[in-house]
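Down below is the structure, laid out as structure tokens.
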Number of protein chains: 2
Amino acid sequence: MNDKLPLRRATVHDVARQAGVSLATVDRVLNGRPGVRPATAEKVESAIAALDFRRDLSASLLARARDLRVQFILPDGRNEFMANLADAILRRARTGIAERLHLDVVRVKAMDPAALAARLGQLDRKSCDCAVIVATDDEAVRRAVDGLARKGVAVMTLVSDLPNSARKMFIGIDNVAAGRTAASLMGRFCGGGKVALIAGSLGLRDHQDRLAGFREVAAREFPQLELIGPFEAHDDRGETESFAAGLLRDHPDLKGLYNMGAGNSGLIAALEAAGRAGKVRVIAHELAEPTHAGLKSGAIDVVLDQNPDGEIRAAVAGARALALGHPVDPHAEPIEIGIFLRDNLR
Amino acid sequence: MNDKLPLRRATVHDVARQAGVSLATVDRVLNGRPGVRPATAEKVESAIAALDFRRDLSASLLARARDLRVQFILPDGRNEFMANLADAILRRARTGIAERLHLDVVRVKAMDPAALAARLGQLDRKSCDCAVIVATDDEAVRRAVDGLARKGVAVMTLVSDLPNSARKMFIGIDNVAAGRTAASLMGRFCGGGKVALIAGSLGLRDHQDRLAGFREVAAREFPQLELIGPFEAHDDRGETESFAAGLLRDHPDLKGLYNMGAGNSGLIAALEAAGRAGKVRVIAHELAEPTHAGLKSGAIDVVLDQNPDGEIRAAVAGARALALGHPVDPHAEPIEIGIFLRDNLR
DNA sequence: CCAGCCGTGAGGTACGTGCCTCATGAGCTA
DNA sequence: TAGCTCATGAGGCACGTACCTCACGGCTGG
């Protein structure tokens, strides 16, 4: 009989009783509605603390009778990683529907800050609780993010961050660590010799970070490596292919190649055309169709990956926390760097 | 006005109307209660399909007014990985309380099938919706699992599976792939030479699998490696230390060492005592305190890891699916093999 | 002194599902 | 044909929270 009481979770009713106020007042405090004297609010807060009350998520979502709406904004283009990210979102959306979670994806022109800012401007509180963007580091985007925050829409950055803005959270890997890891593996695989570095664009924060990490470890632990580059191939298949072809021609003794950006299918094509696939140690990023094939064939040795499903999971968890008004650490969800060889392909 | 209708999710009421039956009948079908003619059930099923109805999780949990109770049973002892797993469960339990999720952990004597079976026998429907166990491959355990299933308690295996039992699901990494990965890295790091293999026990399925994977790739891709062992050190720190010490003494030319089991602090101690830390390539399993330290100091080169938080997340998701009667693929949640070097330590 | 505002209490409905009881009618058996 | 079982309908309460209206008393300013 009374043995069930200690097992029961505290409810708003318990809080009201404990605080000596009415249910309505507890409700006002809990949901930040006006009309409560600070002293009264204080009583409620301490009752909440004393009872260890936590709002019941199920009931809460049910009572609002409204989905949590999360709007993802990704760059468009032929970038396989972004396509995988979009797929992961759609997958999550299917199971999310049972948890009152409505996920939506739009693509905007890649590397076009104005397009991203404009799309952000169209969002509002009614249609969207949280926007998740792959940020371009730009003033217009920063202003759009801050504007949205003022309108009450939480903004989260994904993959690429936007510091000094009103974004509530960043989800992504530590790209400096990824660069360090690449250097560490490359150093042990090659021993010494020439290693070429290719980036998408040095204007992208994540590529910059990878480069910095690689250089740091290469200099400290593998001084016998001779670094060539970095070069920019703009995440483009064709450009990467022709560039890599030239590199292989000019350096018959090339031992290793680290591609920090996309365009890996071009890279593989160049290696195969030169008959050097499997002879040059290659480290690339993002496990997508081309890199998967490259690992299998032996043209690529290692792929460093940020798991799209994991990132989406973290983003959704963050969005939910933000929407429910929980306090959130901007970098609370460290995404693990996936390392793939031919032998642990998923 | 009517623009909201297409946006609304279907409810049981909609299903009832569409199927031309009452709410009660829909409820009977949904919850597998008796008293529905097959033909009628069929009508309900097709209405569900037509409307794409999914039971609202929030409402469902709320209505049961009852937590989902998940009982974890882990081996006891000084195994750091199991301790980390227990910590991960407690962490998850704290946030789970808001989602009507009650997680509990008990430890039973390690490598003692009878103890595990006995503990399983104490569970029942009332106190537990789902049991999650690190299985020992044994007949008594298998019988206990099957008995529990008959009592209506779902059983899930974690880390180490129990095939040919009534367990509904297995959560863990692909240990054969882990072994292959270890061999692939070891081969590239060493080039050739003597590599020693240490397991906890060859009676453990996961260690067996790792061994098989390692041998497969070593034989195929790195025939110049000379494999020594496998030896059994029973996941014990002291035993591993003395054994490794002997190994290092007997083989001054030892190039690599793959420890498939626990006891890594002993391994590191032996390496340091012999002055060979950093000179022998070492690959170990599970990122815990000793292996973390080993990576940092350079005594260990690579740690293959199964992320405890990820495994618990998958286990909880699976438990929820099982409890709600969703169909579940026994191996639906592939856990990624984490690969850690000094450079991407979390 | 009264109008007006503010803080608060009281009580209700709704969200979608789970689970219960009771009634009804159809089909079966003896 | 009485009595039975079984499939189904009808309806209601509960879960814990969100959000609404209305009322009441105290306080303030003019």
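All values below come from the heavy atoms of this structure, side chains included, with hydrogens, waters and symmetry mates left out. Chain identifiers are assigned alphabetically (A, B, ...) following the order of the sequence lines, protein sequences preceding nucleic acid strands; residue numbering begins at 1 within each chain. What you see is a predicted model, and the numbers here were worked out from it, not measured in a lab.
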Separation of C:dC19 P from B:Leu62 CG (nearest whole Å)
12 Å
B:Asp56 has an atom CG; how far is it from atom C1' of C:dG16, in whole Å?
6 Å
d(CG, A:Leu61; P, D:dT17) in whole Å:
12 Å
Which residue pairs pass the salt bridge (charged side-chain N to carboxylate O under 4.0 Å, His left out) test with at least one member in residues 39-48 of chain B, sequence neighbours excluded?
none
From the set C:dT8, C:dT17, C:dG16, return the single nucleotide nearest to any side-chain atom of B:Val12.
C:dT17
Quick note, B:Asn31 side chain, CB onward, closest among C:dT17, C:dT8, C:dG18 is C:dG18
Rounding to an integer number of Å, can you tell me how far A:Asp14 CG sits from D:dT17 C1'?
13 Å
Scan for salt bridge (charged side-chain N to carboxylate O under 4.0 Å, His left out) pairs involving residues 130-142 of chain A, sequence neighbours excluded, and state none if there are none.
A:Asp137-A:Arg142, A:Asp137-A:Arg205, A:Glu139-A:Arg142
Both B:Gly35 and B:Ala59 contact DNA chain D. Taking the nearest nucleotide for each, which residue is further toward the 5' end?
B:Gly35
Under 4.0 Å: is that the gap between some side-chain N or O of A:Arg64 and OP1 or OP2 of D:dT17?
no
Pairing residues for B:Glu336 by the side chain to side chain donor-acceptor pair (under 3.5 Å) criterion, not counting sequence neighbours:
A:Asn307, A:Arg346
May I ask you to decide if A:Val106's main-chain N or O and A:Arg119's side chain share a donor-acceptor pair within less than 3.5 Å?
no
Roughly, in whole Å, what's the span from NZ in A:Lys43 to C1' in C:dT8?
10 Å
Show your reasoning for whether salt bridge (charged side-chain N to carboxylate O under 4.0 Å, His left out) applies to A:Arg143 and A:Asp146.
CA-CA 5 Å; A:Arg143 274 197 304 275; A:Asp146 294 355; over 6 Å; no
Of C:dG16, C:dG7, D:dC19, the nucleotide closest to the side chain of A:Arg33 is D:dC19
Report each atom pair, protein N/O against N/O of nucleotides 9-14 of chain D, whose distance is under 3.5 angstrom.
{"residue": "D:dG9", "atom": "OP1", "partner": "B:Ser22", "partner atom": "N", "Å": "3.2"}
{"residue": "D:dG9", "atom": "OP2", "partner": "B:Ser22", "partner atom": "N", "Å": "2.7"}
{"residue": "D:dG9", "atom": "OP2", "partner": "B:Ser22", "partner atom": "OG", "Å": "2.8"}
{"residue": "D:dG9", "atom": "OP2", "partner": "B:Thr25", "partner atom": "OG1", "Å": "2.4"}
{"residue": "D:dG9", "atom": "O6", "partner": "B:Arg28", "partner atom": "NH2", "Å": "3.3"}

When the distance from CG of B:Leu51 to P of C:dT17 is rounded to whole Å, what number comes out?
12 Å
Test of understanding: with salt bridge (charged side-chain N to carboxylate O under 4.0 Å, His left out), list the residues that count as partners of A:Arg37, not counting sequence neighbours.
none
If you pin A:Leu30 and B:Pro38 to their nearest nucleotides in DNA chain D, which one's is more 5'?
B:Pro38
Could you work out, with salt bridge (charged side-chain N to carboxylate O under 4.0 Å, His left out) as the rule, every residue matching B:Arg33, not counting sequence neighbours?
B:Asp27
By side chain to side chain donor-acceptor pair (under 3.5 Å), which residues pair with A:Asp129, not counting sequence neighbours?
A:Arg66
Under-3.5 Å N/O pairs linking protein and nucleotides 3-5 of chain C:
none

Who passes side chain to side chain donor-acceptor pair (under 3.5 Å) against A:Thr95, sequence neighbours left out?
A:Arg92
For the pair B:Arg54 (side chain) and A:Arg94 (backbone), establish whether a donor and an acceptor sit closer than 3.5 Å, ignoring hydrogens and angles.
yes
Output the single nucleotide from C:dG16, D:dT17, C:dT8 whose closest atom is nearest the side chain of A:Val36.
C:dT8
Restricting to pairs with a member in residues 152-166 of chain B, which pass side chain to side chain donor-acceptor pair (under 3.5 Å), not counting sequence neighbours?
B:Thr157-B:Asp161, B:Asp161-B:Arg167
The helix from C:dC1-D:dG30 to C:dA30-D:dT1: angle between end helix axes, five pairs per end, rounded to 10 degrees
30°
Rounded interatomic separation in angstrom, taking NE2 from B:His13 and C1' from C:dA14
12 Å
Which whole-number value in Å describes the distance from B:Ile48 CD1 to C:dT17 P?
10 Å
What residues, two or more places apart in sequence or in another chain, satisfy salt bridge (charged side-chain N to carboxylate O under 4.0 Å, His left out) together with A:Asp309?
A:Arg91
